[in-house]
Amino acid sequence: MPDRPAHGLSAALLACFVVTAPVEAADLTRSLLGRLAAASHSGMVVLNNLAT
């Protein structure tokens, strides 16, 4: 019966991944959006400085 603990372990890992993946994805998305907003804001500032 060596496959029994391995199956339980993989099921636990899968459950852990299913729970944490959306949270990680949300954090990553928030981080990327924050960086994008900061980059676009600094880009607008540069453009405004060049235009004036």
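Quick caveat, the model's predicted, so the values are computed rather than measured. When a residue number appears, it is its place in the shown sequence, counting from 1.
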Legend entry - Side-chain hydrophobic cluster, 4.5 Å single linkage: members besides Val46: Leu50
Inset, instruction - Kindly state each residue pair satisfying side-chain hydrogen bond (donor to acceptor under 3.5 Å, both in side chains) with at least one member in residues 32-41, sequence neighbours excluded. - result: none
Legend entry - Residues clustered with Leu28, ILVMFWY side-chain links under 4.5 angstrom: Leu32
Legend entry - Contact list for residues 38-52, test salt bridge (charged side-chain N to carboxylate O under 4.0 Å, His left out), sequence neighbours left out: none
Inset, instruction - Could you note down all residue pairs passing side-chain hydrogen bond (donor to acceptor under 3.5 Å, both in side chains) where residues 17-29 supplies at least one of them, sequence neighbours left out? - result: Asp27-Arg30
